[in-house]
Number of protein chains: 2
Amino acid sequence: MSRTANKGHTTREAILDTGIALAREVGLGALTIGELAERVGMSKSGLFAHFGAKEELQLAVLRAAQARFDENVSRQAFLAPRGLARLRELYKRWLGWAASNRQPGGCLMLAAASEFDDRPGPVRDYLARQQEGWLAGLSRTVGFAVEAGELPENTDTEQFAFELFGLILSTHHHVRLLQDERYFALAQAGLERLINAAPLRKD
Amino acid sequence: MSRTANKGHTTREAILDTGIALAREVGLGALTIGELAERVGMSKSGLFAHFGAKEELQLAVLRAAQARFDENVSRQAFLAPRGLARLRELYKRWLGWAASNRQPGGCLMLAAASEFDDRPGPVRDYLARQQEGWLAGLSRTVGFAVEAGELPENTDTEQFAFELFGLILSTHHHVRLLQDERYFALAQAGLERLINAAPLRKD
DNA sequence: CAATAAAACGAACGGTCGTGCTATAAATCG
DNA sequence: CGATTTATAGCACGACCGTTCGTTTTATTG
């Protein structure tokens with residue numbers, strides 16, 4: 001038996017790869033089993049058998065997308081030492097992942113969050129939990145920079161993370177809609193202003 | 001003849017009213033003529049005749065949504081005097097419009113922009129032009145505060161507007177997905193930090 | 001009021017949707 | 001290898017999609 005287990009597992013991976021790409025183009029909600037099957041090169045029913053329900057396919061696509069994000073952004077950035085170095089690395093990778101238009105469709109998580117924020121159900125629940133976790137991780141990363149003495153002692157790390165998220169979203173929004181890479185410079189300046197004039201707790 | 005012109009015009013308005021609400025719930029792309037007709041209480045073909053094509057309906061819904069936005073946010077905020085007063089009023093109204101979850105679905109413009117940012121066509125073109133215009137207007141509003149001496153002379157108004165947009169997006173994202181009104185406080189603190197430590201041109 | 005124009009309807013079209021069911025082909029295992 | 005589990009294909013279903021068309025109802029106007 002090879003390391004990649006069953007045949008089923010292999011084609012499932014291929015389906016999810018193509019599924020991520022397709023969902024980026026048309027949106028997670030508009031992801032269609034027939035179209036996906038055609039792109040993968042198999043029958044609709046054959047593909048369907050892997051998931052049993054459309055919603056299960058959507059969740060599987062999201063989980064796969066997150067795994068790729070974690071590997072390319074979080075894990076890589078955590079190789080940098082705690083502090084501003086890691087924060088900068090994380091921001092750079094996050095920005096490249098979310099807003100770069102080398103890949104069509106931008107960040108699937110952000111698009112899906114906007115698409116499903118008013119449709120109760122497992123997809124929405126998954127996205128909400130994921131975003132909460134990410135925001136908490138961001139705060140922690142900022143906190144390390146405080147501990148390292150690179151940011152003021154009374155920095156409001158949650159406020160910092162919230163604003164950092166806003167910079168990513170604004171860049172994502174403008175780069176993707178207006179197709180203008182010039183906005184990356186604004187994203188960079190925004191980070192520097194956050195660092196040089198960090199939000200402080202009012203206590 | 002009454003001031004509201006034809007019967008056709010009247011029902012068209014009713015269609016767009018309901019269309020905005022429905023598009024907010026399911027997304028502009030998933031807006032369906034049959035479902036909309038049912039909600040309005042008329043036949044599919046009768047509704048269809050008003051627009052001639054689905055894309056035309058989508059554009060009409062967007063135009064109607066923007067008219068409401070302009071009236072409730074821009075026009076109202078412009079009653080305040082130029083300067084920080086107007087900027088604060090604009091931010092407050094924008095935030096209430098976009099992120100309040102009194103109305104289901106949040107801001108249709110932002111949701112549609114995220115949904116269509118990778119689907120070339122008239123809808124995308126409309127949204128892109130609209131967003132460019134809005135960002136330019138934001139910069140101008142910040143510029144008035146500079147002229148009034150309430151912000152540093154060398155304030156980078158475009159950077160300011162870009163970051164302001166990010167605060168709105170971050171609030172929208174978190175409030176709508178996580179259903180936690182607590183994020184409005186972060187939005188407010190973000191504006192104050194922008195004002196107290198405004199981004200400066202590096203020239 | 002009658003004549004005319006505008007608006008709404010009902011039925012039907014070819015497609016595609018998600019999802020079952022049954023049969024066949026391929027991979028796995030003793 | 002043969003036996004058996006697993007993966008895929010084929011086909012059909014009811015529902016809904018956007019759109020067209022001819023008809024009927026409703027507004028508007030002289």
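Per chain, numbering begins at 1; letters A, B, ... match sequence-line order. Every heavy atom of this structure was used, including side-chain atoms; hydrogens, water molecules and symmetry mates were not.
- Here the straight-line distance linking atom OH of B:Y126 with atom CG of B:L59 works out to 8.0 Å at 0.5 Å rounding.
- Between A:R24 and B:D118 there is no salt bridge, since no side-chain N of the basic residue sits under 4.0 Å from a carboxylate O of the acidic one.
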Between protein and nucleotides 19-21 of chain C, what N or O pairs are separated by less than 3.5 Å?
from	atom 1	to	atom 2	distance (Å)
C:dT19	OP2	A:K54	N	2.7

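- The side chain of A:T32 lies closest to C:dC17, out of C:dC17, C:dA8, D:dT8.
- With contacts defined as side-chain heavy-atom distances shorter than 4.5 Å, the pair A:V26/A:T32 does not qualify.
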Please list, one pair per line, the donor and acceptor atoms closer than 3.5 Å that link side chains of residues 36-46 of chain B to other protein atoms, with sequence neighbours excluded.
from	atom 1	to	atom 2	distance (Å)
B:R39	NE	B:E35	OE2	3.3
B:R39	NH1	B:E25	OE2	3.2
B:R39	NH2	B:E25	OE1	3.2
B:S43	OG	B:G46	N	3.0

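- Between B:L36 atom CG and C:dA8 atom C1' the separation is 15 Å, expressed in whole Å.
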Under 3.5 Å, sequence neighbours excluded: what are the donor-acceptor pairs made by side chains of residues 154-170 of chain B?
from	atom 1	to	atom 2	distance (Å)
B:T155	OG1	B:P152	O	2.7
B:D156	OD1	B:E158	N	3.3
B:D156	OD1	B:Q159	N	3.1
B:Q159	NE2	A:L186	O	2.9
B:Q159	NE2	B:E163	OE2	2.9
B:E163	OE1	A:R193	NE	3.1
B:E163	OE1	A:R193	NH2	2.7
B:E163	OE2	A:R193	NE	3.4
B:S170	OG	A:F162	O	2.9
B:S170	OG	B:H174	ND1	3.4

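- Both tests pass for A:R119 against the ring of A:F116: distance under 6.0 Å to the centre and angle within 45° of the axis.
- Ionic pairing of A:R88 and A:E192 is present here: one or more N-O contacts between side-chain nitrogen and carboxylate oxygen are shorter than 4.0 angstrom.
- At the heavy-atom level, B:A49 lies nowhere under 4.0 Å from the strands shown.
- For the segment residues 17-29 of chain A, no residue has any heavy atom less than 4.0 angstrom from an atom of DNA chain C.
- Between B:E56 and B:R63, at least one side-chain nitrogen of the basic residue sits less than 4.0 Å from a carboxylate oxygen of the acidic one, meeting the salt-bridge criterion.
- Contact annotation: A:T11 does not reach the phosphate of D:dA7 (side-chain N/O to OP1 or OP2, under 4.0 Å).
- Distance CD (B:E13) to P (C:dA7): 14 Å, rounded to an integer number of Å.
- OP1 or OP2 of D:dT8 has at least one side-chain nitrogen or oxygen of A:H50 nearer than 4.0 Å.
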Side chains of residues 128-148 of chain A: which donor-acceptor partners sit under 3.5 Å, not counting sequence neighbours?
from	atom 1	to	atom 2	distance (Å)
A:Q131	OE1	B:H173	NE2	2.9
A:S139	OG	A:L135	O	3.3
A:T141	OG1	A:G137	O	3.0

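- As judged by a 4.0 angstrom heavy-atom cut-off over every strand, B:L31 is placed among residues touching the sugar-phosphate backbone only.
- For A:E115 (side chain) and A:G27 (main-chain N/O), no donor-acceptor pair under 3.5 Å exists by modelled atom type.
- Counting heavy atoms of neighbouring residues, nucleotides and ligands inside a 6.0 Å radius, atom NZ of A:K92 does not exceed 12 of them.
- Base-pairing analysis of DNA chain D finds the following stems of at least three consecutive Watson-Crick or G-U pairs, with both pairing distances under 3.5 Å: C:1-27 with D:4-30.
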